[in-house]
Amino acid sequence: MPLFGKEPTAKEQMRKQERILKRTTRDIEKDRRDLERREKQLELEIKKAAAQGNRQACTVLAKQLVQLRKQKTRTFTAQSQISSVSAQGKSMSSNMKMAEAMGKSTKVGVSNRATVKYCHLNSTLSAEQNKPE
């Protein structure tokens, strides 16, 4: 609950969360591009070290490459989790809208029921049906 001002509506909260999730997704994609760039550099360095016959440097660089690829895989996992959270948020938002609509339709039904006198309506209909033509 905010100390000053009004509390944001559900729609405003949803928009804020979407902005945060999109920003995070962009950051992850940026990190992944950096990792891919670094991966290409490592591959070139491994090839240079192999051409020079420096086996020890190749093993160190290969270990770094493996760690880098694991890190890149973790970015894919993180991005899929973020997209899952986003989808869940959208689903919750649509469920809330549906619940609000159902509440409004219930109120309309109750007000219609109050205005229409069903016992009077039934007696009138039965009288009309029993009436000869």
Of all the heavy-atom pairs spanning T25 and Q79, show the shortest one and how long it is. CG2-NE2, 3.4 Å

Here the gap from D31 atom CG to E29 atom CD, rounded to the nearest 0.5 Å, amounts to 10.5 Å

Please enumerate all residues that pass salt bridge (charged side-chain N to carboxylate O under 4.0 Å, His left out) together with R38, with sequence neighbours excluded. E45

Quick check against the 3.5 Å criterion: does T106 have a side-chain atom that pairs as donor or acceptor with the backbone of M102? yes

Cut-off 3.5 Å, no hydrogens considered: what does the side-chain donor-acceptor table look like for residues 58-76, sequence neighbours left out?
| unit_1 | atom_1 | unit_2 | atom_2 | d |
| --- | --- | --- | --- | --- |
| T59 | OG1 | Q56 | O | 2.7 |
| R69 | NE | E39 | OE2 | 2.7 |
| R69 | NH2 | E39 | OE2 | 3.3 |
| R69 | NH2 | E43 | OE2 | 2.9 |
| K72 | NZ | E39 | OE1 | 3.0 |
| T73 | OG1 | R69 | O | 2.9 |
| T75 | OG1 | R32 | NE | 3.3 |
| T75 | OG1 | K72 | O | 2.4 |

Mind checking the CG-CG spacing from L35 to L42? Nearest 0.5 Å is all I need. 10.5 Å

Clusters formed by hydrophobic residues whose side-chain heavy atoms approach within less than 4.5 Å: which one holds V108, and what are its other members? none

With sequence neighbours left out, what residues match D27 under salt bridge (charged side-chain N to carboxylate O under 4.0 Å, His left out)? none

Could you pull out all residues at least two apart from R37 that satisfy salt bridge (charged side-chain N to carboxylate O under 4.0 Å, His left out)? D34

Keeping to residues at least two apart or across chains, list the salt bridge (Lys or Arg N to Asp or Glu O under 4.0 Å) pairs with something in residues 82-105. none

Which donor-acceptor pairs under 3.5 Å do side chains of residues 9-21 form with protein atoms, sequence neighbours excluded?
| unit_1 | atom_1 | unit_2 | atom_2 | d |
| --- | --- | --- | --- | --- |
| T9 | OG1 | E12 | N | 3.3 |
| E12 | OE1 | T9 | N | 3.1 |
| E18 | OE2 | S86 | OG | 3.1 |

Contacts of R55 meeting side chain to side chain contact (heavy atoms under 4.5 Å, CB included) (sequence neighbours excluded), chain-then-number -> none

